Amino acid sequence: MAAFAAIAGRLLGLRAAGTEGRLLRLRGAGLQRALLQPASATGDAAQRRQVAHFTFQPDPEPQEYGQTQKMNLFQAITSALDNSLAKDPTAVIFGEDVAFGGVFRCTVGLRDKYGKDRVFNTPLCEQGIVGFGIGIAVTGATAIAEIQFADYIFPAFDQIVNEAAKYRYRSGDLFNCGSLTIRAPWGCVGHGALYHSQSPEAFFAHCPGIKVVVPRSPFQAKGLLLSCIEDKNPCIFFEPKILYRAAVEQVPVEPYHIPLSQAEVIQEGSDVTLVAWGTQVHVMREVASMAQEKLGVSCEVIDLKTILPWDMDTVCKSVIKTGRLLISHEAPLTGGFASEISSTVQEECFLNLEAPISRVCGYDTPFPHIFEPFYIPDKWKCYDALRKMINY
Amino acid sequence: MDRQGQIINPSEDPHLPQETVLKFYKSMTLLNTMDRILYESQRQGRISFYMTNYGEEGTHVGSAAALDSTDLVFGQYREAGVLMYRDYPLELFMAQCYGNASDLGKGRQMPVHYGCKERHFVTISSPLATQIPQAVGAAYAAKRANANRVVICYFGEGAASEGDAHAGFNFAATLECPVIFFCRNNGYAISTPTSEQYRGDGIAARGPGYGIMSIRVDGNDVFAVYNATKEARRRAVAENQPFLIEAMTYRIGHHSTSDDSSAYRSVDEVNYWDKQDHPISRLRHYLQGRGWWDDEQEKAWRKQSRKKVMEAFEQAERKPKPNPNLLFSDVYQEMPAQLRKQQESLARHLQAYGEHYPLDHFEK
């Protein structure tokens with residue numbers, strides 16, 4: 001068994017090599033007796049994974065919320081959860097694998113700090129996680145449920161749509177589950193394929209009674225998550241998993257709130273309005289730079305943040321100014337949330353439009369593995385659509 | 001057999017011929033070798049993801065050997081040994097992991113999401129337990145077709161907590177389906193130990209609640225797994241009823257390349273299972289005891305199997321990826337007009353912007 005023991009030993013020795021990072025893959029150090037030649041020795045370094053399709057732009061250090069600390073997205077989430085559990089003795093966090101810190105480390109340290117009755121694993125059952133969470137919230141306690149990947153939220157769809165969303169309405173406001181927040185990792189990650197890449201916000205946008213929120217950064221995530229937790233309605237908070245480690249910025253240590261249903265103009269411009277949420281906001285920022293540099297076109301970039309209920313005033317105000325709108329999301333085109341925005345904007349701003357509204361989205365296919373670089377609505381596709389809109 | 005490869009109760013010895021038992025051993029060890037190489041290849045950035053089967057090889061091979069080769073298999077994601085036993089070539093394992101042009105799945109899924117129609121192994125999907133009611137339906141159809149086929153459905157003890165498991169068990173019993181439910185109880189669902197997964201007597205104890213005959217076996221004893229599956233198969237087909245086998249084993253490796261299990265379990269615990277109760281070593285002791293294997297053959301086989309794996313690996317790495325048009329096909333059986341338009345727009349886009357895409361690695 002010696003060889004197999006050595007194998008197990010090497011497996012465990014890989015801890016030092018950073019096995020936690022699904023996004024960090026190149027680990028030459030620590031592979032003592034490697035069975036394989038390093039890829040470069042076989043001469044095809046280009047076979048390695050692509051560079052990310054976006055560049056994270058940190059926001060300037062916030063001044064108004066006190067002391068800040070450098071945090072990545074998952075640390076900002078942990079900070080928000082820490083603040084919540086400190087402030088609200090009824091608050092509990094639960095889901096699969098949250099006790100040891102979570103598969104994305106969002107709950108590291110919380111069980112030790114707040115106890116095993118407040119941060120705990122559930123059996124492997126999403127419909128149970130959400131149903132259980134609704135029940136906690138019905139009593140008025142704060143329930144923070146984690147679904148391991150947004151792709152796995154569908155067993156809970158009945159509980160979310162038929163129960164959580166309708167609780168207050170159907171009972172004539174006798175009962176509600178407003179203190180429920182569901183968190184889930186969301187969006188493409190470079191290699192997630194069908195079941196680790198989905199952006200299902202459109203399914204939930206069709207459901208009055210819940211709120212759906214997607215942050216673009218650590219600072220935004222903490223403030224928006226705290227708002228969701230304290231919001232008196234059940235909320236779904238989608239966390240762009242590709243940003244968990246890649247996005248780093250200064251984030252206040254103390255709690256603060258970023259309002260829901262308020263979009264943010266993160267860059268002002270005069271010729272085209274670009275709307276996105278989550279990771280795609282950073283793609284749009286780059287598209288705006290490209291447009292300025294190559295076409296002399298000035299773009300106004302809006303981070304929608306809350307998908308439901310969404311801030312149509314900010315978007316319409318911008319389109320009235322610019323006359324052109326481009327919306328982009330990773331989720332497939334047909335029935336994606338861009339279609340809702342497009343429909344509303346043409347109703348409200350028809351005579352202001354200089355060109356048809358443009359949507360740059362994922363194709364109407366499941367999210368593919370090896371074809372991801374071709375599937376995603378990257379900056380080149382967005383730039384090209386923008387160019388066509390300008391030349392319309 | 002016990003941990004030293006000695007048959008405990010001679011009346012339970014399946015008396016398998018040398019050739020068969022050697023096939024068991026070679027399947028398990030070849031899988032182990034492939035696992036080690038592909039796991040490392042992920043650490044080196046050559047494939048994006050991998051899941052190993054360490055410690056559970058006995059559950060795969062023992063059960064696969066007890067089935068007919070045409071019995072339909074619905075798996076979860078940690079059953080590569082079933083495919084290995086059915087002679088799925090290394091080339092195709094690698095092709096799927098690399099998502100290259102030889103992949104039967106056309107490069108669409110993450111590594112280890114194998115499928116093979118020819119070998120009656122339904123393509124894996126990531127969501128857990130979804131395969132359970134599906135397997136039951138397939139078994140019902142097989143019954144109606146008088147196919148004399150059984151369907152086997154593999155899942156872990158964690159997946160058994162999903163609602164789909166309840167649905168599958170209940171349907172199988174009420175609709176009298178020839179299905180074998182094979183639960184790999186390996187102690188963990190990622191970081192969640194069985195003590196947090198259930199409070200009852202494992203998964204086997206649930207079967208009778210549904211009216212399903214159930215048995216618990218030592219999953220690391222390949223002969224015990226074989227015996228249980230063989231008998232379950234015989235009766236499932238003869239009597240059109242489901243059977244539940246809970247194979248107790250241990251997940252020696254991490255959940256996947258995205259997991260570091262030292263964060264939630266001790267090295268000592270893992271080493272214990274690896275050294276004291278490993279299906280491969282137990283079988284090797286048996287083989288050596290019978291005089292069917294020795295250290296020299298072991299050495300030669302290790303070398304040979306490693307060479308086979310490395311060759312397949314190097315070939316897979318060199319092959320191009322499939323044509324990007326395959327992004328669009330098979331959404332439906334026929335391509336809708338709207339999707340064809342999207343396909344055409346990508347083609348136009350690549351003509352103008354192709355330099356920004358890794359087209360050199362894909363077939364034209």
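Being a predicted model, the structure only gives us computed values, none of them experimental. Chain A is the first sequence line, chain B the second, and so forth, proteins listed ahead of strands; every chain is numbered from 1.
For the set B:L326, B:D103, B:D164, the count of heavy-atom pairs under 4.5 angstrom toward chain A peaks at B:L326. Contact count against chain A (heavy-atom pairs under 4.5 Å) is highest for B:V331 among B:D360, B:D330, B:V331. Between chain A and the options B:G99, B:S125, B:P127, B:G158, the largest number of non-hydrogen pairs under 4.5 Å is found for B:P127. When A:Y383, A:Y363, A:F154, A:F120 are compared by the number of non-hydrogen pairs under 4.5 Å with chain B, A:Y363 comes out ahead. Contact count versus chain B (heavy atoms, under 4.5 Å) is highest, among A:P155, A:C125, A:P368, A:P366, for A:C125. The choice from B:Q343, B:E196, B:K106 that makes the most heavy-atom pairs within less than 4.5 Å of chain A is B:E196. Of the residues considered (B:L350, B:T192, B:L339), B:T192 shows the highest number of contacts with chain A, using heavy-atom pairs under 4.5 Å. Chosen from B:Y198, B:Y264, B:Y332, B:F328, the residue pairing most often with chain A at heavy-atom distances under 4.5 Å is B:F328.
Here the straight-line distance linking atom CD of B:Q197 with atom OG1 of A:T122 works out to 8.0 Å at 0.5 Å rounding. Rounded to the nearest 0.5 angstrom, A:Y152 OH and B:E162 CD are separated by 10.5 Å. With rounding to the nearest 0.5 angstrom, the SG atom of A:C361 is 9.0 Å from the CD atom of B:Q342. The CG atom of B:L128 lies 11.5 Å from the OH atom of A:Y195; values are rounded to the nearest 0.5 Å. We find the NZ-CG distance between A:K381 and B:L346 to be 5.5 Å, quoted to the nearest 0.5 Å. Note: B:L327 CG to A:T365 OG1 = 5.0 Å, rounded to the nearest 0.5 Å.
Residues B:A189 and A:D97 approach most closely at O-OD1, 3.2 Å, considering heavy atoms. Summarising the geometry of A:I370 relative to B:P322, their closest heavy-atom pair is CG2-CD, 4.0 Å, with the distance given to 0.1 Å. Between B:S191 and A:N121 the shortest heavy-atom distance is OG-ND2, 4.4 Å. B:L359 approaches A:F374 most closely through the heavy-atom pair CD2-CE2, 3.7 Å. Minimum interatomic distance between A:P123 and B:S161 (heavy atoms only, all atoms of both residues): CB-OG, 3.8 Å.
Contact check for A:V103 versus B:H255: no side-chain heavy atoms found under the 4.5 Å cut-off. In this structure, the side chains of A:H369 and B:P111 come closer than 4.5 Å at one or more pairs of heavy atoms.
For a residue to count as touching a neighbouring chain, one of its non-hydrogen atoms must lie under 4.5 Å from one of that chain's; by this rule A:E126 touches chain B with backbone and side chain alike. Residue A:D151: no heavy atom, backbone or side chain, is found under 4.5 Å from chain B. With a 4.5 Å cut-off on non-hydrogen atoms, B:A159 touches chain A through its backbone but not through its side chain. Of the two parts of B:D35, neither the backbone nor the side chain holds a non-hydrogen atom closer than 4.5 Å to a non-hydrogen atom of chain A.
Other residues, nucleotides and ligands place no more than 12 heavy atoms under 6.0 Å from the CZ atom of A:F203.
Remark: side-chain polar atoms of B:Q109 are not paired, donor with acceptor, to backbone N or O of A:L194 under 3.5 angstrom.
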Audit row: A:Q148, B:I190, side-chain contact (heavy atoms from CB on, under 4.5 Å) steps and yes/no: CA-CA 11 Å; A:Q148 199 154 85; B:I190 306 185; 3.3 Å; yes
Worked verdict on B:Q338 versus A:T334 for side-chain contact (heavy atoms from CB on, under 4.5 Å): CA-CA 10 Å; B:Q338 182 148 356; A:T334 299; 3.4 Å; yes
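Using cut-offs of 30° and 60° for the angle between ring planes, the A:H196 and B:F49 rings count as tilted.
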